[in-house]
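This report refers to the structure that appears directly beneath it.
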Amino acid sequence: MAKTDRIEIKCPQCGHNEFEHPENLQENDFVKCDNCHFEIMLTDLKEVGFEQAKDVAIPEMKAEAEKLVKNLFKGFK
Ligand SMILES: [Zn+2]
């Protein structure tokens, strides 16, 4: 088992982001959380990571959009 070099996906169980995985990791291989030993298939973990990325990206986009709108109104003063 190799250890990941800190990936941007968090363990759905404990929020840890280091996973053990076999060499030559394939989509249908299981990775294991280094902290709570929760096992998840790589494809499912990627799915989780995508959901997590969405949760992070959306508030950021909203903040950016709000800034943009504020600047727009400043111009009309
Ligand atoms: Zn975990």
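Keep in mind it's a predicted model, so treat the numbers as computed, not measured. Because only heavy atoms are used, hydrogens play no part in the values below, and waters and symmetry mates are left out as well, while side chains stay in. Just so you know, ligand 1 is whichever comes first in the structure, and atom 1 is the first atom listed for that ligand.
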**Message:** Quick check for you: to the nearest 0.5 Å, what is the distance between E20 atom CD and H37 atom NE2?
**Reply:** 6.5 Å

**Item:** From CZ (F19) to CZ (F38), nearest 0.5 Å
**Value:** 8.5 Å

**Prompt:** Closest approach of C36 and C33, non-hydrogen atoms and distance?
**Reply:** N-SG, 3.3 Å

Table please: side-chain donor-acceptor pairs of residues 44-64 below 3.5 Å, with sequence neighbours left out.
residue: K46; atom: NZ; partner: E27; partner atom: OE2; Å: 2.6
residue: Q52; atom: OE1; partner: K10; partner atom: N; Å: 3.0
residue: Q52; atom: NE2; partner: K10; partner atom: O; Å: 3.1
residue: E64; atom: OE2; partner: K67; partner atom: NZ; Å: 3.1

**Message:** Any non-hydrogen side-chain atom of I40 less than 4.5 Å from a side-chain atom of P12?
**Reply:** yes

**Request:** Taking E18 for its side chain and H16 for its backbone only, find out whether a donor-acceptor pair lies under 3.5 Å.
**Result:** no

**Prompt:** Which residues and atoms, counting only protein N, O or S, are under 2.8 Å from the Zn ion (ligand 1)?
**Reply:** C11 SG, C14 SG, C33 SG, C36 SG

